[in-house]
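Structure first, commentary second.
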Amino acid sequence: MDYAIAIHGGAGVIPRDIDPEIRQGYEDSLKQALELGRSMLEEGRASLDVVETVIRTLEDDPRFNAGKGAVYTWEGRHELDASIMDGRDLSCGAVTGVKTVRHPITLARKVMEETRHVFLSHDGAETFARQMDLERVENSFFDTERRRKQWQEMRDRAEQEMGTVGVAVLDKNGDLAAGTSTGGMTGKRWGRIGDSPVVGAGTYADNRSVAVSCTGTGEEFIRNVIAYQVSALMTFKGLSLQEAAEEVIHKTLKKGDGGLIAVSHRGEIAMVFNSDGMFRGAADSSGRFEVAIWD
Ligand code: ASP
C-alpha cells in the first residue's frame, strides 16, 4: 500500500435508530475528514501533517467531543486533552487540561517539536500556547447545547459520553503517525486525565509496527496500555495487525470499553471496537474509501 489512513470519531452507545438526518450528518463529517486526509496523502504530504490537519478539522466540528463540541466537566467547563506521535523516531507531544486553545492537537505537536518535554498540563500548557502564539478562545467557545444537556442529565445519573477523535496514517514515504484529541468524559472531576493524551495508552506510532488511536473509557485504556500493546503484540508475538487489535479489544478489555483504529507499516487498516458502535472511516491508495458507525 502506498498510503493508508484510518480515523475515528469516538466509540460508545450509539442507538441504531438515531434520526437519519443526524446519522447522515455524522457520515458526512467523517467523509469530509477522510477525504481531506486521503487527498493530502495522494499529494505526498507527510503523515504528521495529515494527522494534525485532519484532527484540527474534527476539533472544529461540533459533532465530536474534541475542541468545539467537547463534553463538560463536573463544574460545567471544558478541559481538553490531545497527543500526537511520530513513528519515525518515537518523538511525541501531549497536553492535558487545556481550557483556551482552539486546536489542542497543534499544541501537542508544538510540545513535541519546540520543547524537550513530551507532556504539558493545565496552566503551564496554556502559558506555552501563548508563547507559541496559538489561537486562543474563551472556554465558552467549546459550548454546544447538546453537550450541555448531557452534562445536566449526567448530574442526575452517572453517565459517560464518548466522541473523541483520532487519526492514524501511513504516508507515501513509509512513515507512520497517530494523534488523538478529546474533551474527555462528561462530568470528569479533580483534573481527571484519560488515555487520549497518554502516549502508549491512547496514542502510539512506531514505523516498525503500527500507528494507533484509541477511544473509550480512558481508565481501562491506561491500565492496559492499549495502544502500545497493539505494537508489542505485533513486534514480540508476531501477530498480524488485525489479530493484535482483536486481542486487546476483545480479550484484554471488557465489552463496552471502546475501540481503536490502526494502520500498520504495510498499510493494513484495523478498526475494532467492543462498544455498540464507533464512528470511523478508512481510505488507502488501492481506492478503498468507507465510513461506518456500527458493525
Ligand atoms: N478516551 C477518552 C477519555 O477517557 C474518551 C473517549 O474516547 O470518548 O478521556
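Heavy atoms only: backbone and side chains are in, while hydrogens, waters and symmetry mates are out. Atoms within each ligand, like the ligands themselves, are counted from 1 in listed order.
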So is Glu219 touching ligand 1 or not, going by heavy atoms under 4.0 Å?
no
For Gly163, the ligand 1 atoms with a heavy-atom partner under 4.0 Å come out as 8 (O)
Under 4.0 Å from a heavy atom of Met185: which atoms of ligand 1 are those, numbered in the order shown and with their elements?
4 (O), 5 (C)
Close side-chain approach of Thr53 to Leu36, heavy-atom, < 4.5 Å
yes
Looking only at distances, can you tell me whether any N or O atom of Thr164, backbone or side chain, sits closer than 3.5 Å to an N or O atom of ligand 1?
yes
Is Arg192 in polar range of ligand 1, meaning some N or O pair under 3.5 Å apart?
yes
Which class fits the ring pair Tyr26 and Phe64: parallel under 30°, tilted 30 to 60°, perpendicular over 60°?
perpendicular
Ignoring hydrogens and geometry beyond distance, is a side-chain donor-acceptor pair present between Glu59 and Ser181 at under 3.5 Å?
yes
With salt bridge (charged side-chain N to carboxylate O under 4.0 Å, His left out) as the criterion, how do Asp284 and Arg38 come out once you've worked through the C-alpha distance, each side chain's angles and the decisive distance to 0.1 Å?
CA-CA 7 Å; Asp284 66 25; Arg38 195 208 58 78; over 6 Å; no
Asn224 (side chain) donor-acceptor with Glu220 (main chain) under 3.5 angstrom:
yes
Under 3.5 Å: donor-acceptor pair, side chain of Trp151, backbone of Thr73
yes
May I ask you to identify, for Glu220, whether its side chain, its backbone, both or neither come under 4.0 Å of ligand 1 on a heavy-atom basis?
neither
Quick one: does Asn65 get an N or O within less than 3.5 Å of an N or O on ligand 1?
no
How close do Asp171 and Arg45 get, heavy atom to heavy atom, and via which atoms?
CB-O, 3.6 Å
From the list Val263, Thr180, Ile7, side-chain contact (heavy atoms from CB on, under 4.5 Å) with Ser213 holds only for Thr180
Which of the numbered atoms in ligand 1 are under 4.0 angstrom from any heavy atom belonging to Thr215?
6 (C), 7 (O), 8 (O)
Determine, using heavy atoms of Gly10 and all atoms of ligand 1, whether some pair is separated by less than 4.0 Å.
no
Which of the atoms in ligand 1, numbered in the order shown and given with their element, are less than 4.0 Å from a heavy-atom of Gly184?
9 (O)
Can you say whether the rings of His78 and Phe142 are parallel (under 30°), tilted (30 to 60°) or perpendicular (over 60°)?
perpendicular
Would Ala11 count as being in polar contact with ligand 1, using the rule that some N or O on each side must be under 3.5 angstrom apart?
no
Quick one: does Asp195 get an N or O within less than 3.5 Å of an N or O on ligand 1?
yes
Show me which atoms of ligand 1 lie under 4.0 Å from any heavy atom of Ser196.
1 (N), 2 (C)
Would you say ligand 1 has an N or O under 3.5 Å from any N or O of Gly216?
yes
